[in-house]
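Working notes, structure below.
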Amino acid sequence: MNTLLLKNNEHDIKLSAEILRTGGLVAIPTETVYGLAANALDGKAVEKIFKAKNRPMDNPLIVHIADIADIERFSLVSQFTENAKKLALAFWPGPLTIILKKGSSIPDEVSGGLDTVAIRFPSHKTAQAIIKEANIPLAAPSANLSGSPSPTSAQHVFDDLNGRIDAIVDGGECLVGVESTVITLAGDKPRLLRPGGITHEMLCKVLGEVEIDDAVLHKLAQGQRVLSPGMKYKHYAPKANVILLKGENDEFIKYVNKKSDNETAAICFEEDEKSLCCKTVIIGKSTDYETQAHRLFDCLRLIDKNKEIKTVYAHCPKTDGVGLALYNRLIRAAGFEVIDLEKI
Ligand code: TXA
Ligand code: MG
């Protein structure tokens, strides 16, 4: 298949909307990461997403809208609850996905056979323009091959999916850089399933208490029930072995320098780069979580470009604010391997 490379101009937005309306796959920019979109109301079109990404069929997709009214217009949920309305008012359009009991129009391919559906209203203008022009809700997972780091630029999408999808719309680099926060309102209590740019603290301000699902911070025990199927798969991992180091900056530098050889790299803070002897990729200043989130997946992909690298050391992030999203992604990239520098 020849993959069209499109820009975010009027002509190309019309063309991508047409491809989507007729059952094709288009990678679109959003403020979090690039999404691989298909018509959410067409099970056959959605099935192609799973094939293109090599994604397990039981991992459900997020449905993207460009107007809150689309939820009722397309019967996406069985009830748009009061808590959902509060969150929508506070954070939409933006990097928040809300899970509710699904409506009559959602095909099984979208919900992965669950009785719920995930809804998101992205703030990216190009994503909104494409959804509006197509005049359908779009199912879209991150536009990477399953298991590899999510794409935050059109080039990342091209590297993974060229020849496997109909088109890629280039909207520049994604601002947030980690996927949306996922919260479920389908259970007894609001529960955070995946941390992102909308933080746990921000959600609590609107809803009061919000539980953090076990899978956010910990490796699930074999056979443990998982609310968000995506959390059980190995994720975000470059080919090299990622190891997280927990401790102060100077301990990090000392440990990495002791261990480093030609096959070692470090994902490091800007201020530490000069002190490290191995190859480095800079993720941002130590105090700037936003930049670190924005850069994370690009750093993981950069490591893969150097085939010699076998081991990558990264700081274990603190878990407040956007730090929780960084921790959640890095701990998966590291296969939950953390070395506590104070204990060695
Ligand atoms: O920022 C984002 O959310 C990006 C952009 C493209 O919008 N999309 C994205 O999709 O990250 P994906 O498929 O890579 O991640 C969606 C996550 C998965 O972990 C999936 O298991 C979970 O959301 N999910 C989707 N529907 C669900 C549902 N009904 N119940 C529980 N978890 C659900
Ligand atoms: Mg993904």
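Order of appearance sets the numbers: ligands from 1, and atoms from 1 within every ligand.
- Atoms of ligand 1 found under 4.0 Å from any heavy atom of S142 (numbered from 1 in listed order, with element): 8 (N), 9 (C), 10 (O), 12 (P), 14 (O).
- The closest side-chain donor-acceptor pair between N83 and T81, if any, does not fall under 3.5 angstrom.
- With a 4.0 Å heavy-atom cut-off, ligand 1 is reached by the backbone of T116 and by its side chain too.
- When non-hydrogen atoms are compared, ligand 1 lies under 4.0 Å from neither the backbone nor the side chain of T184.
- One option in V182, L100, L61 has a heavy atom closer to atom 23 (O) of ligand 1 than any other, and that option is V182.
- Close contacts between ligand 1 and G35 involve ligand atoms 6 (C) [criterion: under 4.0 Å to a heavy atom].
- A donor atom on one side chain and an acceptor atom on the other are not found under 3.5 Å apart for N257 and S260.
- Each of the atoms 5 (C), 6 (C), 7 (O) of ligand 1 lies under 4.0 Å from some heavy atom of H64.
- The shortest N or O to N or O distance between T30 and ligand 1 is not under 3.5 Å.
- Counted by atom type alone, D288 and Q292 present zero donor-acceptor pairs between their side chains at under 3.5 Å.
- Using a 4.0 angstrom heavy-atom cutoff, K102 does not count as in contact with ligand 1.
- Ion pairing between a basic and an acidic side chain is recognised when a charged N comes within 4.0 Å of a carboxylate O; R21 and E18 show such pairing.
- For the residue pair S180 and T32, no side-chain donor N or O sits within less than 3.5 Å of a side-chain acceptor on the partner.
- The Mg ion (ligand 2) has no N, O or S atom of S150 under 2.8 Å away, backbone or side chain.
- Set against the non-hydrogen atoms of N59, the atoms of ligand 1 under 4.0 Å away are 18 (C), 20 (C), 21 (O).
- A salt bridge links E31 with R120: at least one charged nitrogen is closer than 4.0 Å to a carboxylate oxygen.
- Counting the atoms of ligand 1 from 1 in the order shown, those under 4.0 Å from a heavy atom of I99 are 27 (C), 28 (C), 30 (N), 31 (C), 32 (N), 33 (C).
- Taking CD of E211 as the start and SG of C204 as the end, the distance is 10.5 Å to the nearest 0.5 Å.
- The closest side-chain donor-acceptor pair between K310 and N241, if any, does not fall under 3.5 angstrom.
- By the 3.5 Å distance cut-off applied to N or O atoms, R194 is counted among the residues near ligand 1.
- Ligand 1 lies less than 4.0 angstrom from a heavy atom belonging to P229.
- Taking distance alone, with nitrogen or oxygen atoms compared against 3.5 Å, K53 stays at or beyond that limit from ligand 1.
- The residue E31 has no part lying near ligand 1, judged by heavy-atom distances below 4.0 Å.
- Remark: ligand 1 atoms within the under-4.0 Å shell around heavy atoms of I62 are 3 (O), 8 (N), 9 (C), 10 (O), 16 (C).
- In this structure, Y255 and Y313 have perpendicular ring planes: the angle between them is above 60°, well past the 30° mark.
- A donor-acceptor pair shorter than 3.5 Å can be found between the side chains of S148 and D160.
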